[in-house]
Amino acid sequence: MSDETKSIHEFDVELIVEYYATLERQGPGSPELTLKALSFIENLHDDAHIADVGCGSGGQTMVLAQNAPGRITGVDLFPAFIDKFNRNAEEQGLQHRVKGIVESMDSMSFEDEELDLIWSEGSIYNIGFERGFREWRRFLKPGGCVAVSEASWFTNERPAEIEEFWMDAYPGIDTIPNKMAQMQNAGYVPLASFIVPDRCWKEDFYEPQVRAQEVFLETHAGNRAAVDFIENQRHEIQLYHKYSQYYGYAFYIGKKL
Ligand code: SAH
């Protein structure tokens, strides 16, 4: 990492949450991709209970709700996201089946064997992939499924610049076969894995940020921390354009044994 590039961990979490709450999605993905992942799930019914862990403002949750039976509990650590989540659910007339709650993914209050499906797009990194799969397992009914998207290396080796970026941002990033093995070791049958396509980063995640960054800078004019944060975001986007053949997100879907 060059001297002028700050680590994402150095920024004020309030600032990060405020920025991401202005976006429809807080991670790479798309409605089509959510539906593709959902197509592997066969155990849902009208009484099913789904958890969307690290749901953010609920972009993917509302897609799930419109296309899957049962009710959904969205879980996120930050009230700003959950407020927006519950407003979204209401606007879409989904409030009877979709509810957001503020909890941490490492201490969720679900009962053992309460859930039919755990969904988590771009969030499990907050406690780590294998740890998440292990700890969430008890909440699932036998035969229940987990579907997550997670930062992954596409190759065994990669340039030092991008390796260093990820070792700072999320050292848990690993290759797809290694992630599949972690899922199996945590007590699941791996059902599927597929790569989140380039357009989900560029068009669905990064493109809306161009305007969001301008607005954020206007709102925080003269605030050094805000300027540094946006510079950091722009650096991350540049790295993706430069190195996207080496890394990205992959979906991982497993079934509890
Ligand atoms: N699933 C959403 C958001 C992904 S961003 C999407 O794909 O758009 C990661 C999310 O994890 C953020 O909403 C963040 O607030 C949440 N998060 C971070 N730490 C968390 C924790 N300990 N428990 C629950 N959620 C957490």
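Both counts, for ligands and for their atoms, begin at 1 and track the order of listing.
For the pair Lys36 and Phe251, the cation-pi test (distance below 6.0 Å, angle within 45°) is failed.
Ligand 1 lies less than 4.0 angstrom from a heavy atom belonging to Cys55. At least one heavy atom of Asp76 sits closer than 4.0 Å to an atom of ligand 1.
Residue, atom and distance of the protein heavy atom nearest to atom 6 (C) of ligand 1 are Gln60 OE1, 3.1 Å. Of all protein heavy atoms, the one lying nearest to atom 17 (N) of ligand 1 is Asn126 ND2, 3.5 Å. Protein heavy atom at the shortest distance from atom 10 (C) of ligand 1 is Ser123 OG, 3.5 Å. Counting only heavy atoms of the protein, atom 23 (N) of ligand 1 lies nearest to Met105 N, 2.8 Å. Among all protein heavy atoms, the one lying closest to atom 20 (C) of ligand 1 is Leu77 CB, 3.7 Å.
When the heavy atoms of Gln26, Met108, Glu103 are ranked by distance to atom 5 (S) of ligand 1, first place goes to Gln26. Nearest-heavy-atom check against atom 3 (C) of ligand 1 across Gly29, Gly122, Gly27, Gly54 picks out Gly54.
Arg97 contributes a side-chain N or O that, together with a main-chain N or O of Gly70, makes up a donor-acceptor pair within less than 3.5 Å.
Within ligand 1, the atoms closer than 4.0 Å to a non-hydrogen atom of Ser104 are 21 (C), 22 (N), 23 (N), numbered from 1 in the order shown.
Between Glu90 and Arg87 there is no salt bridge, since no side-chain N of the basic residue sits under 4.0 Å from a carboxylate O of the acidic one. Electrostatic pairing of Lys141 and Asp116 counts as a salt bridge here, judged by a charged N lying under 4.0 Å from a carboxylate O.
Relative ring orientation between His220 and Phe216 is described as tilted, the plane-to-plane angle lying within the 30° to 60° band.
Under the 6.0 Å cut-off for aromatic ring centres, Trp136 and Phe110 do not qualify, their centroids lying 6.0 Å or more apart.
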